[in-house]
Amino acid sequence: MLQIHTIPAFEDNYFWLIQPDTQAPCSYIIDPGSAQVVHDYLKRHQLQLGGILLTHHHHDHIDGAAALRDQYQAPIYGPRSVRIPQVTHHLGEGDKLPLGNMTAKILEIPGHTLDHIAYLIETTEQPPHLFSGDTLFGAGCGRLFDGTAPLLHAALQRIAALPEDTLIYGGHEYTLANIRFALTIEPDNTELQARQALETEKRQQGIATLPTQLAIEKRTNPFLRCHLNSVRRSVEQISGKSLTTDADVFAGLRLIKDRF
Ligand SMILES: [Zn+2]
């Protein structure tokens with residue numbers, strides 16, 4: 001049975017630890033921005049490290065990778081990017097990475113950065129798990145660094161096409177701030193209002209709002225709702241521009257969020 005452990009780090013990062021089989025101590029860490037917190041967690045839970053999986057080159061996602069590699073003799077998997085020289089095994093679109101008795105499928109989803117990849121684990125007994133790095137968050141999406149709005153929009157559309165029960169593991173706890181913004185775009189979205197109460201309650205109890213479910217995101221995350229008239233009208237009103245394509249609405253929405 002697959003188990004995903006949550007390792008909170010820094011202000012609001014999550015390093016996700018994948019344990020493919022709860023009967024076995026082997027595990028894989030996603031985006032370790034720091035080695036110490038991962039090392040402490042492995043020790044406390046008597047787990048071994050079989051590999052380090054990176055989604056993109058940002059420091060808060062990779063800075064612990066080299067120390068963990070040296071300490072555990074574990075390979076570092078990641079995108080083909082000159083900005084992550086620590087990577088020992090490069091991955092690209094469609095590659096399949098064996099993780100114990102399961103497999104992660106690689107999706108290239110540039111947008112937040114050009115080198116961004118995601119890891120999709122599909123099992124027969126559980127919903128799919130997507131480790132989306134800084135591409136999709138609870139009620140929001142990543143900022144544009146070296147990627148472009150059309151690329152990020154296409155990446156999110158790809159994720160939106162996954163099964164509705166897919167669990168999304170993003171790299172940051174941004175959900176409450178994202179919901180506050182989302183409510184300015186869709187003030188009448190009752191499900192979004194209900195979600196705000198629910199997620200606020202979780203945070204008050206120190207519980208992570210991630211993973212989130214794709215179906216919930218499609219109903220409450222404005223960045224996955226750019227095809228709706230209500231979202232388009234809000235973005236047009238705030239930006240003062242008339243917008244035709246979903247990708248234009250997305251670009252406008254991303255810009256408004258940057259200034260929020
Ligand atoms: Zn990032």
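Numbering of ligands and ligand atoms starts at 1, following listing order. Positions are given from 1 along the sequence.
By the 6.0 Å contact criterion, NZ on Lys105 is open, its count of non-hydrogen atoms from other residues, nucleotides or ligands being 12 or less.
In this structure, Glu236 does not pair ionically with Lys241, as no charged nitrogen and carboxylate oxygen lie closer than 4.0 Å. Under the 4.0 Å criterion applied to side-chain N and carboxylate O atoms, Glu93 and Arg158 are assigned as salt-bridge partners. Looking at Asp146 and Arg83, a side-chain N of the basic residue comes within less than 4.0 Å of a carboxylate O on the acidic one, giving a salt bridge.
Note on the Zn ion (ligand 1): protein N, O or S atoms under 2.8 Å away count 4, no waters included.
Every residue was checked against the salt bridge (charged side-chain N to carboxylate O under 4.0 Å, His left out) condition with Asp248, not counting sequence neighbours, and none meets it.
Side-chain N/O atoms of Thr175 and Glu199 include no donor and acceptor closer than 3.5 Å.
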